[in-house]
Amino acid sequence: MNFNFPVFYLGVSIIISLFIGIYAWRHPQARGSKAFALACLTFVVWTAGDALVRVGETFAARWTGEALRFLGVCFLPVVLLAFIRQYCGTPLNRRRIAVLCVVPLVSWIMMLTNQWHFLFFKSIEFFPAAPPRVVYG
């Protein structure tokens, strides 16, 4: 078995992000700590999905990794906006966060249901030890 440096670095970044997120969550007196902890968790989902794409040996494992990675990519901007607003002292209310999550949620659902409409990916090919080759729809 070959040592995979990108996966090793992704694993290290997942561990560091988890520790930072837990630390931020446990210190609610700091401005923006809750939203920052959620941003760290979203980043962990993104990097875990990327690691799964890189180490997965079956199409199902790699597709699951791709779905996790895209979930993190979709929701990270919303979480970072919530963090910035919370840090600046003008937090978003739940209704506004829900409205902001509509587009990322629809995008993620479109990606998950791609095999029925091919609007997101026209084709996706997974190769051993290489990133997926994607033709967008």
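Heavy-atom basis, side chains included; hydrogens, waters and symmetry copies ignored.
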Whether S33 side chain and H27 backbone form a donor-acceptor pair below 3.5 Å:
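Pair found, side chain donor or acceptor close to backbone of H27.
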I'd like to know if the side chain of R69 reaches the main chain of D50, judged simply by a donor and an acceptor atom lying under 3.5 Å from each other, with no hydrogens or angles considered.
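Checking the backbone N and O of D50 against the side chain of R69, no donor-acceptor pair under 3.5 Å is found.
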If we only count heavy atoms from C-beta on, is the S107 to F70 side-chain gap below 4.5 Å?
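SC-SC contact between S107 and F70 confirmed.
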Quick one: are Q115 and F121 in side-chain contact, heavy atoms under 4.5 Å?
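No, too far: nothing below the 4.5 Å cut-off.
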Rounded to the nearest 0.5 Å, what's the gap from [atom1] on [X] to [atom2] on [Y]? Could you check?
X    : Y    : atom1 : atom2 : value
R31  : C88  : CZ    : SG    : 7.5 Å
T47  : I14  : OG1   : CD1   : 3.5 Å
C74  : W108 : SG    : CH2   : 9.0 Å
L100 : L105 : CG    : CG    : 12.5 Å
L119 : T113 : CG    : OG1   : 8.5 Å
I15  : L10  : CD1   : CG    : 11.5 Å

Going by the rule salt bridge (charged side-chain N to carboxylate O under 4.0 Å, His left out), which residues pair with R94 if we only count those two or more places apart in sequence or in a different chain?
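R94: no salt bridge (charged side-chain N to carboxylate O under 4.0 Å, His left out) contacts found.
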Using salt bridge (charged side-chain N to carboxylate O under 4.0 Å, His left out) as the criterion, list what pairs up with E57, not counting sequence neighbours.
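Partners of E57 by the salt bridge (charged side-chain N to carboxylate O under 4.0 Å, His left out) criterion come out as none, since no residue qualifies.
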Minimum heavy-atom separation for [X] and [Y], please, with both atom names.
X   : Y    : answer
F83 : G32  : CD1-O, 3.3 Å
A37 : G21  : CB-O, 3.4 Å
V79 : A35  : CG1-O, 3.6 Å
K34 : Q86  : N-OE1, 3.9 Å
R62 : G56  : NE-O, 2.9 Å
V78 : C101 : CG1-SG, 3.8 Å

Under 4.5 Å between side-chain heavy atoms, hopping through other hydrophobics if needed: is there a path connecting [X] to [Y]?
X    : Y    : answer
L41  : I84  : no
I16  : F5   : yes
L76  : M111 : no
F120 : I109 : yes
W46  : L80  : yes

So for atom [atom1], which belongs to [X], do other residues, nucleotides or ligands contribute more than 12 heavy atoms lying within a distance under 6.0 Å?
X   : atom1 : answer
Y9  : OH    : no
Y87 : OH    : no
W63 : CH2   : yes

Residues I20, F36; criterion side-chain contact (heavy atoms from CB on, under 4.5 Å); working and verdict:
CA-CA 9 Å; I20 292 172; F36 182 73; 3.4 Å; yes
Report the C-alpha separation of L81 and R85 in whole Å, then their side-chain angles, then the decisive distance to 0.1 Å, and conclude whether the side-chain contact (heavy atoms from CB on, under 4.5 Å) test is met.
CA-CA 6 Å; L81 176 65; R85 293 285 302 259; 4.1 Å; yes
